[in-house]
Structures are given as C-alpha cells and as structure tokens.
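In what follows, a single structure is set out as structure tokens and then discussed.
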Amino acid sequence: MIANPPPWPNGARCAVAFSFDVDADSVVHAAHRAGARDLPQALAHMRYDPFVGTPRLADMFARAGVPLTAFVPGWVIETYPAAIETLLKAGAEIGHHGHFHEWPSKQTRDDELATLRRGSEAIERFCGAKPKGYRAPYYGLSRATFDLLIEEGFSYDSSLFADDVPILLDNGRGRLIELPVPASVDDYNQYVSARAFDYLMKISPPSQALAVFREEFDAFREFGGLFVPVWHPAVSGRPAQALAIRSLIEHMQAKGDVWFATLAQVADHVRALESAGTWSPRIENTPFHIRNILE
C-alpha cells in the first residue's frame with residue numbers, strides 16, 4: 001500500500017511525530033492589524049493557547065514520555081516566553097512558523113526572506129540554536145519558499161500533503177527533506193466552531209475526531225508510514241480535546257512498535273539512511289512545473 005516505506009529505528013513499524021502550531025493571537029493581529037483591538041473575543045479565544053492550552057499539552061506529553069514539535073511564530077516567542085519555556089522544559093523541538101503568521105504566498109521574495117530571518121533570530125535568541133524545520137503559516141507556501149529554506153540552511157519542511165513518507169525536494173542547488181502531513185488530521189477540520197473567526201463547523205464530541213485520528217494512525221502503522229498530526233493548543237489544548245489526544249497516545253503506546261520522534265529527529269534519520277545507502281526517498285524537483293501548462 002505504501003510503495004517505499006523507510007526502515008524505522010529499532011524495528012518500529014511506523015513513526016509518529018506529534019506537531020502543534022502555537023499561533024496564539026498572532027493570527028488575529030496578522031489578519032486585522034490595528035482592527036484587532038476591536039476583536040476582544042477573537043483575541044481571548046487565541047490567548048487561551050499560551051496561557052492554558054500550551055502548558056497543559058506540554059505537561060501531558062512530558063508525563064507520557066512522548067516528544068513533540070511546536071511550530072511557533074517569532075512574535076509569539078517574544079510575546080509569550082513563559083509558554084515557550086514550558087515546551088522547552090518538556091523537551092519539545094521549536095520549529096519556524098513565520099514571524100507574525102504571515103502568508104508567504106502574499107509576500108514578495110525579499111519580504112518572505114526578511115520574515116524567515118526575523119523568525120529564525122527570535123527562535124535562536126530564545127532557544128540557543130537556529131530552527132531546523134519550517135511549517136508555512138496557513139500552509140501558504142510561495143514559489144520562492146523552498147529556495148529560501150534551502151539557502152537559509154533548513155533541514156526540513158512540513159507543509160505539504162504530498163506523500164505518506166518523507167520525500168526530498170531538490171531545486172538543483174540543494175535539497176530539503178519534506179515531512180508530509182495527512183490531509184485529514186488538522187484539528188480545525190474537526191473541532192472549530194467560533195463566531196469570532198466566522199468558522200462554524202458542526203460541534204461534535206472529541207470521540208468522533210479521535211476515531212478519525214486513530215484510524216489514520218492504524219493505517220500508517222500497518223503500511224510503515226510517517227504520521228504527523230497538525231494540532232493547535234487553542235483548539236486541542238482544551239480539556240475534552242486534550243483527553244482525546246491522551247487516549248490516542250495510549251492507543252499508540254499499547255502497540256509497542258511505534259517510534260515517537262520530533263520532526264527534526266525524523267529528518268536526521270532520513271539523512272542518515274540516505275547517506276548510508278539503506279533507503280532512497282522519492283525526489284521531487286522544484287518548482288513542480290518549470291513553465292505554465294495552460295498558457
């Protein structure tokens with residue numbers, strides 16, 4: 001079913017890399033700018049993230065002994081350092097998620113580069129090292145993003161719904177590991193009903209979302225894939241949703257043959273396999289089309 005599953009450490013059948021996009025209220029400010037001051041409901045909704053959701057999840061994952069990766073905009077690191085400290089104490093990897101949760105696809109190349117460097121500088125100041133990985137805000141990659149990530153020395157990206165296992169992105173001057181995410185496991189698709197954002201999904205019990213997450217994981221495990229959930233502390237950090245994640249972790253741990261890792265650890269493993277010649281990932285040349293198909 002998966003044509004080319006990589007060998008995972010210690011004979012594991014699959015790899016699981018939990019990831020959270022720690023956006024806080026950057027999305028409100030980025031979307032509304034000065035008008036954000038007139039949206040206290042939206043601001044409070046998203047500030048649940050650094051004050052409640054992120055500390056709760058960091059503690060829960062630490063207690064379970066499961067690593068996680070947090071993609072954090074630079075502004076959020078600067079504004080809510082205590083929340084990021086709870087992640088670091090839990091052993092989390094901090095990945096790049098823009099500086100102010102800007103759409104890369106709406107920026108010029110120079111502006112995107114400036115944003116990329118500004119976010120990296122914030123992470124390096126707070127964490128003591130540059131980020132290894134990147135997830136585009138809104139998944140909004142531009143045609144320049146992969147080139148910029150390669151030029152800036154990133155090891156991996158995790159923004160594409162491109163495969164069930166890691167692949168390589170090659171622009172002819174360098175390579176970037178892509179750690180794809182499943183299209184069905186973003187928690188916004190399952191939970192979010194917020195008038196403040198004009199985003200009204202049907203409210204369903206977390207058990208329904210858990211069934212989706214569990215069945216996705218079971219399929220990845222059966223076929224040897226890489227399972228990368230994408231969740232948000234302002235959504236999945238709330239009590240019932242957090243309990244659903246805990247149940248999912250327990251389900252995974254009961255299997256006994258799952259490699260839990262940060263995304264950086266997965267990227268390092270892929271590079272080691274490729275260097276040793278023991279596994280070769282699929283290579284995508286970027287840009288995906290050199291010329292317009294429809295003129």
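From a predicted model like this one, the values you see are computed outputs, not experimental measurements. Residue numbers start at 1 and run along the sequence shown.
Looking at residues two or more places apart in sequence or on another chain, you find a side chain to side chain contact (heavy atoms under 4.5 Å, CB included) between Ala136 and Pro104, Tyr134, Leu141, Ser159. In this structure, the salt bridge (Lys or Arg N to Asp or Glu O under 4.0 Å) partners of Glu78, at least two apart in sequence or on a different chain, are Arg125. For Ser120, the side chain to side chain contact (heavy atoms under 4.5 Å, CB included) criterion is met by His96, Pro131, Phe154, not counting sequence neighbours. Listed by chain and number, the residues in a side chain to side chain contact (heavy atoms under 4.5 Å, CB included) with Arg63 are Asp59 (sequence neighbours excluded). Among residues two or more places apart in sequence or in another chain, the salt bridge (Lys or Arg N to Asp or Glu O under 4.0 Å) test is passed with Asp21 by Arg135. For Pro180, the side chain to side chain contact (heavy atoms under 4.5 Å, CB included) partners two or more places apart in sequence, or in a different chain, are Asp163, Glu178. For Arg173, the salt bridge (Lys or Arg N to Asp or Glu O under 4.0 Å) partners two or more places apart in sequence, or in a different chain, are Asp147.
Both Met252 and Phe61 belong to a common hydrophobic cluster when Ile, Leu, Val, Met, Phe, Trp and Tyr are linked at side-chain heavy-atom distances under 4.5 angstrom. Taking hydrophobic clusters as Ile, Leu, Val, Met, Phe, Trp and Tyr residues chained together by side-chain heavy-atom distances below 4.5 Å, Val270 shares a cluster with Val181. Residue Leu160 is not grouped with residue Tyr156 when hydrophobic side chains (ILVMFWY) are merged at heavy-atom distances under 4.5 angstrom, including chains of intermediate members. One hydrophobic cluster holds both Tyr188 and Tyr191 under the rule that ILVMFWY side chains link at heavy-atom gaps under 4.5 Å. One hydrophobic cluster, built from ILVMFWY side chains closer than 4.5 Å, holds both Leu148 and Ile150.
Annotation: the span from Leu226 atom CG to Cys14 atom SG amounts to 8.5 Å, rounded to 0.5 Å. Taken from CG in Leu210 to CD in Gln241, the straight-line distance is 11.5 Å, to the nearest 0.5 Å. Distance CE/Met60 to CD1/Ile249: 4.5 Å, rounded to 0.5 Å. Note that CG of Leu149 is 5.5 Å distant from CG of Leu116, once rounded to the nearest 0.5 Å. If you take OG1 on Thr54 and CG on Leu87, they are separated by 5.5 Å, rounding to the nearest 0.5 Å. Separating the SG atom in Cys127 from the CD1 atom in Ile77 is a distance of 5.5 Å, to the nearest 0.5 Å.
Although no hydrogens or angles enter the test, the distance criterion places no donor-acceptor pair under 3.5 Å between the side chain of Glu274 and the main chain of Arg271. Using modelled atom types, one side-chain atom of Ser247 and one backbone atom of Leu243 make a donor-acceptor pair closer than 3.5 Å. Of the possible polar contacts, none joining the Arg175 side chain to the Ile283 backbone as a donor-acceptor pair under 3.5 Å is found. Under the 3.5 Å distance criterion, the side-chain polar atoms of Gln41 are left unmatched by any main-chain donor or acceptor of Leu39. Put simply, the side chain of Thr79 gets close to the backbone of Trp75: a donor and an acceptor are under 3.5 Å apart. Formation of a donor-acceptor pair under 3.5 Å by the Thr278 side chain with backbone atoms of Leu273 is found in this model.
Listed here is the closest heavy atom pair of Ile167 and Ala162: CD1-CB, 4.0 Å. Taking every heavy atom of both residues into account, Met46 and Pro50 meet most closely at O-CD, 3.5 Å. Annotation for Pro55 and Val52: closest pair CD-O, 3.4 Å, computed over non-hydrogen atoms. Heavy-atom minimum distance, Val165 versus Pro6: CG1-CD, 3.6 Å. Nearest heavy-atom pair across Glu102 and Tyr138 is C-CE1, 4.3 Å. Of all the heavy atoms in Ala240 and Pro206, the pair that sits closest is CB-CG, 3.6 Å.
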Show me, pair by pair, the donor-acceptor contacts under 3.5 angstrom made by side chains of residues 229-239, not counting sequence neighbours?
{"residue": "Trp231", "atom": "NE1", "partner": "Val185", "partner atom": "O", "Å": "3.0"}
{"residue": "His232", "atom": "ND1", "partner": "Asp187", "partner atom": "OD1", "Å": "2.7"}
{"residue": "Ser236", "atom": "OG", "partner": "Asp187", "partner atom": "OD2", "Å": "2.7"}
{"residue": "Arg238", "atom": "NE", "partner": "Ala234", "partner atom": "O", "Å": "2.7"}
{"residue": "Arg238", "atom": "NH2", "partner": "His45", "partner atom": "O", "Å": "3.2"}
{"residue": "Arg238", "atom": "NH2", "partner": "Ala234", "partner atom": "O", "Å": "3.4"}

Between side-chain atoms of residues 64-72 and protein atoms elsewhere (two or more places apart, or another chain), which donor-acceptor pairs fall under 3.5 Å?
{"residue": "Thr69", "atom": "OG1", "partner": "Glu93", "partner atom": "OE1", "Å": "2.9"}
{"residue": "Thr69", "atom": "OG1", "partner": "Leu263", "partner atom": "N", "Å": "3.0"}

Listing, residues 211-220 side-chain donor-acceptor contacts under 3.5 Å, not counting sequence neighbours, or none:
{"residue": "Glu216", "atom": "OE2", "partner": "Ser184", "partner atom": "OG", "Å": "2.2"}
{"residue": "Asp218", "atom": "OD1", "partner": "His251", "partner atom": "NE2", "Å": "2.8"}

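Legend: side-chain hydrogen bond (donor to acceptor under 3.5 Å, both in side chains) pairs involving residues 2-18, not counting sequence neighbours, sorted by first then second residue: Asn4-Trp279. Sorted by first then second residue, the salt bridge (charged side-chain N to carboxylate O under 4.0 Å, His left out) pairs that include residues 107-121, not counting sequence neighbours, are Arg109-Glu151, Arg117-Glu152.
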ask   = Please walk me through it: do Arg282 and Leu168 pass side chain to side chain contact (heavy atoms under 4.5 Å, CB included)?
value = CA-CA 6 Å; Arg282 180 168 69 89; Leu168 285 179; over 6 Å; no
request  = Check step by step if side chain to side chain contact (heavy atoms under 4.5 Å, CB included) holds for Val76 and His101.
outcome  = CA-CA 9 Å; Val76 174; His101 210 276; over 6 Å; no
inquiry  = Using the rule given for side chain to side chain contact (heavy atoms under 4.5 Å, CB included), can you reason through Leu88 versus Ile94, listing the C-alpha separation, both sets of side-chain angles and the distance that settles it, and then say yes or no?
reply    = CA-CA 8 Å; Leu88 294 177; Ile94 305 299; 3.7 Å; yes
task = Could you go through the ring pair (Phe, Tyr, Trp, His ring centres under 6.0 Å) check for Phe227 and Phe18 one step at a time?
result = CA-CA 8 Å; Phe227 184 67; Phe18 287 100; 7.3 Å; no
request  = Check step by step if side chain to side chain contact (heavy atoms under 4.5 Å, CB included) holds for Leu57 and Phe20.
outcome  = CA-CA 10 Å; Leu57 291 166; Phe20 289 88; 3.5 Å; yes
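Between the side chains of Gln107 and Thr115, at least one donor-acceptor pair of N or O atoms lies under 3.5 Å. A side-chain N or O of Asp186 and one of Tyr139 form a donor-acceptor pair less than 3.5 Å apart. A donor-acceptor pair shorter than 3.5 Å cannot be found between the side chains of Asn171 and Thr286. Of the N and O atoms on the side chains of Tyr48 and Arg56, at least one donor lies less than 3.5 Å from an acceptor on the other residue.
For the pair Ile177 and Asp157, the minimum side-chain heavy-atom distance is 4.5 Å or more.
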